[in-house]
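Here is the structure we will look at, set down as structure tokens.
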Number of protein chains: 2
Amino acid sequence: MINNKFGSVDHFLSENNLPFEDFFRFGLSVDCVIFGYHHGTLKVLLIQRGADPFKYQWAIPGDLVSPEEDLDSSAERILQHLTGLKDIYVEQFHTFGQRDRHPAGRVVTVGYFALVESEKYQPVASHWASDIGWFDIRNIPPLAFDHDDILAKGIEFLRKKVRTEPVVFNLLPPKFTLLDIQGLYEALLLEKFDKPNFRKKILSTGVLVPLDEVQTNVAHRPAKLFRFDQERYDTLKGNTINFEL
Amino acid sequence: MINNKFGSVDHFLSENNLPFEDFFRFGLSVDCVIFGYHHGTLKVLLIQRGADPFKYQWAIPGDLVSPEEDLDSSAERILQHLTGLKDIYVEQFHTFGQRDRHPAGRVVTVGYFALVESEKYQPVASHWASDIGWFDIRNIPPLAFDHDDILAKGIEFLRKKVRTEPVVFNLLPPKFTLLDIQGLYEALLLEKFDKPNFRKKILSTGVLVPLDEVQTNVAHRPAKLFRFDQERYDTLKGNTINFEL
DNA sequence: TCAAAAGTGTTCCGAATACACCCATGC
DNA sequence: GCATGGGTGTATTCGGAACACTTTTGA
């Protein structure tokens with residue numbers, strides 16, 4: 001049992017006899033893999049570092065967590081700074097804690113991913129990055145730190161997620177066509193789908209509501225617009241809707 | 001940009017002007033939700049705390065991470081101490097970082113889950129816990145800290161995992177009957193399945209190999225024994241086997 | 001012989017697949 | 001008119017659900 005200024009904390013079974021304080025030496029950061037869907041391609045928002053280490057290299061946006069801050073709040077803060085958006089879809093996916101992952105010391109980072117509607121997003125000027133930009137997930141430059149791993153895990157996580165939950169709608173504007181959804185699934189899963197079958201499948205979930213509205217100014221038959229019905233989804237959820245394709 | 005003894009670290013965009021060192025004040029722990037399958041019920045290994053805080057309350061086994069240690073190594077260390085086992089299935093599932101989750105200070109904990117074969121497990125005497133025991137997942141006592149949340153998330157994670165990957169075999173001995181698997185799925189998902197259909201479904205995955213062996217000393221027709229073929233699974237994996245029931 | 005669980009076969013239905021085809025708009 | 005993408009219908013196949021039935025062992 002270890003006694004210290006925090007009280008008796010036998011929660012810890014560590015065998016090495018470090019002073020208790022030495023266990024409180026970790027830095028904690030949050031990194032956000034931000035996805036967007038633009039013109040038929042799935043993109044990720046990256047920043048270019050303005051200083052060493054990894055100066056001029058691209059990286060996943062992130063920040064140290066303050067000791068006063070919850071993890072989730074920290075992710076929201078970063079996202080708001082970077083995109084100017086509140087209330088976007090955010091979820092934690094994995095924590096990266098390799099001993100040597102950060103040259104500045106022992107920093108463990110919690111990976112979050114976010115889904116933003118491209119139309120709403122306003123690029124935000126920032127003092128901590130020399131540049132910022134969207135990258136096609138099929139063409140990512142080498143990233144700083146272990147951010148390649150983080151990005152890979154983030155994409156993998158989203159691909160799995162999308163098969164069981166209707167999260168893709170967070171990447172689309174409130175009104176969209178069925179082909180918009182199909183294009184998004186195709187960009188994400190790198191796979192082509194049969195149009196009539198995709199349409200049947202996605203409508204059979206019962207969570208899409210047709211609107212009395214169609215596309216305008218298109219050089220072909222205008223497509224009907226739909227919206228995602230969150231409440232309908234919540235009531236149907238018990239029966240496990242399957243978004244598998 | 002922040003300059004300090006670690007060098008120039010503009011990775012961080014924090015706006016409050018805390019000294020850099022103040023960001024390195026986190027404690028980091030690992031908690032392991034250890035699952036076992038005994039006599040038709042799914043169980044979790046818990047320890048009873050021997051001292052304050054939460055004295056005499058049950059908790060998920062865990063420990064502080066040493067600054068010299070990788071996260072995954074830490075989880076393996078805890079598991080080996082507690083069960084005497086190496087090479088068991090371990091996977092990270094979620095990180096819990098609410099500001100007030102630990103009375104001793106700002107401790108963020110990374111949740112892992114492990115699957116152990118009940119036959120192999122040897123209870124290990126420990127100095128940091130006054131008791132240790134398996135609990136049916138349908139009947140868990142109130143737990144210390146935020147361990148109720150951690151356990152709930154761990155179970156949820158395993159339930160999802162089991163639908164896409166053949167992890168359940170890690171809970172069974174190397175040779176098992178088809179009804180063993182069915183019982184395990186039923187205990188995990190709290191649902192009954194039709195025997196003939198379950199059998200067809202699980203055999204259709206192609207990852208089970210029938211052995212030239214049957215049960216002995218049973219008061220009914222002895223069941224054929226099977227083993228899980230990991231290599232076969234790896235080669236079939238591309239075609240996404242579905243373990244959904 | 002009987003209880004208990006192992007194991008097989010068959011029917012039915014709905015969902016996924018693979019197509020061929022028609023429709024509305026801008027230019 | 002014609003290119004372009006929107007949208008519908010159908011025949012076939014495959015897998016899941018439901019359920020009735022036979023087999024093999026110990027006691």
Side-chain angles (χ1 to χ4, degrees), chain A residues 37 39-41 162-164 166 172-173 175-187 189 191-227 236 238-245, chain B residues 37 39-41 162-164 166 172-173 175-187 189 191-227 236 238-245:
Chain A
Y37 178 57
H39 316 111
T41 55
V162 121
R163 293 170 185 281
T164 49
L172 293 172
K175 300 171 180 180
F176 48 80
T177 72
L178 296 184
L179 233 44
D180 286 338
I181 314 176
Q182 182 174 342
L184 176 44
Y185 268 94
E186 290 177 343
L189 303 177
E191 209 180 327
K192 286 281 171 199
F193 298 106
D194 178 82
K195 188 178 35 151
N197 294 337
F198 183 90
R199 162 179 280 270
K200 266 178 277 185
K201 170 75 188 179
I202 204 78
L203 286 175
S204 76
T205 61
V207 298
L208 293 184
V209 182
L211 302 171
D212 284 332
E213 234 176 304
V214 293
Q215 286 179 315
T216 49
N217 291 319
V218 285
H220 54 75
R221 175 173 172 180
K224 192 169 199 120
L225 295 175
F226 290 79
R227 70 175 180 83
L236 290 172
N239 327 349
T240 48
I241 303 177
N242 185 7
F243 292 88
E244 200 95 33
L245 304 160
Chain B
Y37 178 59
H39 317 110
T41 55
V162 121
R163 293 170 186 281
T164 50
L172 294 172
K175 299 171 182 181
F176 47 79
T177 72
L178 296 184
L179 232 46
D180 286 338
I181 314 177
Q182 182 174 345
L184 176 43
Y185 268 94
E186 289 176 344
L189 303 177
E191 208 180 329
K192 285 281 172 196
F193 299 105
D194 177 82
K195 187 177 37 147
N197 294 337
F198 183 90
R199 161 179 280 270
K200 266 178 278 186
K201 170 77 187 174
I202 204 79
L203 286 176
S204 76
T205 60
V207 298
L208 293 183
V209 181
L211 302 171
D212 284 331
E213 237 176 301
V214 292
Q215 287 179 316
T216 49
N217 290 319
V218 285
H220 54 76
R221 175 171 171 181
K224 190 167 203 124
L225 294 174
F226 290 79
R227 70 173 179 83
L236 291 172
N239 328 347
T240 49
I241 304 176
N242 185 7
F243 292 88
E244 200 93 33
L245 304 160

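What you see is a predicted model; the values in this text were computed from it and never measured. Naming: A, B, ... by sequence-line order, numbering from 1 per chain.
With B:Gln182 contributing its side chain and B:Arg199 its backbone, the two residues share no donor-acceptor pair below 3.5 Å.
No donor-acceptor contact under 3.5 Å links the side chain of A:Lys195 to the base of D:dT4.
Taking A:Thr177 as the reference, A:Asp180 meet the side chain to side chain donor-acceptor pair (under 3.5 Å) condition, with sequence neighbours excluded.
A:Lys192 places its NZ atom 20 Å from the C1' atom of C:dA16, with the value rounded to the nearest Å. One interatomic measurement links the two molecules: CZ of B:Phe198 to P of C:dG7, which rounds to 13 Å at whole-angstrom precision. Across the protein-nucleic acid pair, A:Leu203 atom CG and D:dG9 atom P stand 13 Å apart, rounded to whole Å. Atom-to-atom, CG of A:Asp194 to P of D:dT10 comes out at 16 Å; the value is rounded to the nearest Å. One atom, CZ of B:Arg163, and another, C1' of D:dG16, lie 15 Å apart when rounded to the nearest Å. The nearest whole Å value for the distance from the CZ atom in B:Arg199 to the P atom in D:dC21 is 19 Å. The CG atom of A:Leu178 sits 7 Å away from the P atom of D:dG7 (whole-angstrom rounding).
Residues of residues 214-224 of chain B having a heavy atom closer than 4.0 Å to DNA chain D, listed by number: B:Val218, B:Ala219, B:His220, B:Arg221, B:Pro222.
In this structure, CZ on A:Phe226 lies 6.5 Å from NZ on A:Lys224, to the nearest 0.5 angstrom.
Taking 4.5 Å as the limit, every side-chain heavy atom of B:Glu213 sits out of range of all side-chain heavy atoms of B:Arg227. A 4.5 Å side-chain heavy-atom check between B:Pro196 and B:Asp194 finds at least one atom pair inside the cut-off. Between B:Leu203 and B:Leu178, some side-chain heavy-atom pair lies under the 4.5 Å cut-off.
In the set C:dT8, D:dA18, C:dA16, the nucleotide with an atom closest to the side chain of A:Lys201 is C:dA16. For A:Asn197, the listed nucleotide lying nearest its side chain is C:dA18; candidates were D:dA20, C:dC19, C:dA18.
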